[in-house]
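Everything below concerns the one structure shown next.
Sequence lines set the chain letters: A, B, ... in the order given, protein chains first and strands last, and positions in each chain run from 1.
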Amino acid sequence: GENVEQHPSTLSVQEGDSAVIKCTYSDSASNYFPWYKQELGKGPQLIIDIRSNVGEKKDQRIAVTLNKTAKHFSLHITETQPEDSAVYFCAAIVDQAGTALIFGKGTTLSVSS
Amino acid sequence: GAVVSQHPSWVICKSGTSVKIECRSLDFQATTMFWYRQFPKQSLMLMATSNEGSKATYEQGVEKDKFLINHASLTLSTLTVTSAHPEDSSFYICSAQNRGSGNTIYFGEGSWLTVV
């Protein structure tokens with residue numbers, strides 16, 4: 001089955017800096033890679049996703065890149081703000097109905113002002 | 001984005017009793033819903049996959065007789081923790097798959113269960 005590794009486990013940045021979180025996956029059949037943000041005591045919120053037919057996707061300050069050959073994908077947050085502080089999870093999946101997300105272990109991002 | 005509602009958001013129950021958690025997709029039909037469990041500072045662990053009208057598929061190590069899952073309609077799945085014990089205390093999160101939107105998966109807000 002799929003195995004997702006996520007690094008780093010914790011990341012501290014100054015407000016305005018960029019943050020990068022990296023994930024690798026094992027199943028070459030995986031073709032959908034979402035990123036979720038989880039605030040304390042809440043459920044995960046989908047923030048951006050990418051499918052294997054593209055190499056990069058951007059949404060305002062957030063971008064995701066995908067390298068299918070190397071089986072890794074990354075989340076990039078620019079101009080970080082204190083409200084970006086949360087736990088971020090990457091996931092990988094074969095995009096078909098009924099298949100559950102397999103998550104990385106999460107990255108705790110702390111943005112200090 | 002799509003809305004998945006989970007209820008209750010927190011519950012305290014006595015050891016030996018059962019508690020039911022509901023998960024509803026509010027603006028789409030969810031043929032498939034998933035239940036996760038999360039311990040503090042850990043990732044989400046998949047417990048089971050629930051398909052409308054059929055029996056849930058449980059992950060290895062998850063007791064199906066203890067964690068009863070029912071998915072009787074396209075917008076509602078329930079998780080019942082039976083004969084709860086303190087070690088069942090955890091954060092339970094459901095998610096629903098929107099097949100009408102590229103199989104995107106949305107999560108509920110989670111339910112904190114404390115067994116005393």
Side-chain angles (χ1 to χ4, degrees), chain A residues 1-11 21 23 25 29-54 57 59 62 64 85-110, chain B residues 1-7 9-10 21 23 28-54 56-60 62 71 74 90-112 114:
Chain A
E2 178 63 272
N3 181 49
V4 179
E5 299 284 338
Q6 183 172 347
H7 299 280
S9 57
T10 60
L11 179 59
I21 303 171
C23 288
Y25 60 99
S30 290
N31 56 2
Y32 175 59
F33 309 91
W35 286 87
Y36 289 84
K37 174 184 180 182
Q38 186 178 29
E39 298 179 343
L40 190 62
K42 297 185 178 180
Q45 179 185 12
L46 178 67
I47 56 172
I48 195 168
D49 56 12
I50 191 168
R51 299 181 188 274
S52 59
N53 57 341
V54 297
K57 183 177 179 180
D59 182 6
I62 296 173
V64 56
S85 298
V87 180
Y88 291 81
F89 292 99
C90 64
I93 191 176
V94 177
D95 183 14
Q96 60 188 36
T99 304
L101 291 170
I102 304 301
F103 287 93
K105 291 188 180 299
T107 296
T108 301
L109 173 65
S110 299
Chain B
V3 179
V4 176
S5 173
Q6 201 170 329
H7 178 81
S9 54
W10 60 270
I21 301 170
C23 179
F28 64 94
Q29 293 184 328
T31 305
T32 305
M33 291 186 175
F34 308 94
W35 287 94
Y36 290 81
R37 183 174 183 178
Q38 187 178 34
F39 291 107
K41 297 186 179 182
Q42 293 189 20
S43 188
L44 292 83
M45 299 302 298
L46 179 66
M47 298 176 66
T49 299
S50 165
N51 288 297
E52 186 265 339
S54 62
T57 302
Y58 290 82
E59 294 299 299
Q60 189 174 8
V62 178
H71 192 163
L74 288 172
S90 186
F91 191 48
Y92 292 89
I93 311 171
C94 74
S95 64
Q97 187 172 43
N98 188 351
R99 297 188 185 184
S101 180
N103 292 325
T104 304
I105 294 173
Y106 299 94
F107 283 82
E109 285 297 306
S111 298
W112 287 98
T114 301

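In terms of heavy-atom pairs under 4.5 angstrom with chain A, the leader among B/Ile93, B/Thr32, B/Leu44 is B/Leu44. Contact count against chain A (heavy-atom pairs under 4.5 Å) is highest for B/Ser43 among B/Ser95, B/Gly102, B/Ser43. When each of A/Gly104, A/Pro44, A/Gly41 is checked for heavy-atom pairs under 4.5 Å with chain B, A/Pro44 comes out on top.
With hydrogens and angles ignored, the 3.5 Å screen pairs no side-chain donor or acceptor of A/Gln45 with any backbone N or O of A/Glu39.
Neither the backbone nor the side chain of B/Thr31 comes within contact range of chain A; no heavy atoms are under 4.5 Å apart. No part of A/Pro34 comes within reach of chain B, as not one of its non-hydrogen atoms sits under 4.5 angstrom from that chain. For chain B, no part of A/Leu40 is nearby; none of its heavy atoms comes within less than 4.5 Å. B/Gln97 touches chain A through its side chain: at least one heavy atom from C-beta onward sits under 4.5 Å away, while N, CA, C and O do not. Within the 4.5 angstrom heavy-atom criterion, only side-chain atoms of B/Gln38, from C-beta onward, approach chain A. Only the backbone of A/Thr99 has a heavy atom closer than 4.5 Å to any heavy atom of chain B. When heavy atoms are compared at a cutoff of 4.5 Å, A/Leu46 approaches chain B solely by way of its side chain, counted from C-beta outward. Only the side chain of A/Gln38 has a heavy atom closer than 4.5 Å to any heavy atom of chain B.
Taking both residues in full, the closest heavy atoms of B/Val4 and B/Cys23 are given as CG1-SG, 3.6 Å, listed atom of the first, atom of the second, then distance. Between B/Phe34 and A/Gly98 the shortest heavy-atom distance is CE2-O, 3.9 Å. Closest non-hydrogen pair, A/Leu11 versus A/Ile21, comes out as CD2-CG1, 4.4 Å.
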Quiz prompt | side-chain contact (heavy atoms from CB on, under 4.5 Å) evaluation trace for A/Ile93 with A/Glu2 | solution = CA-CA 8 Å; A/Ile93 191 176; A/Glu2 178 63 272; over 6 Å; no
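To the nearest 0.5 Å, atoms CZ (B/Arg37) and CZ (B/Phe91) are separated by 13.0 Å.
Proximity of the aromatic rings of A/Tyr36 and B/Tyr36 is defined here by a centroid distance below 6.0 angstrom, and this criterion is not met.
For A/Arg51 and A/Tyr32, the positive end sits near the middle of the six-membered ring, less than 6.0 Å away and at most 45° from its axis.
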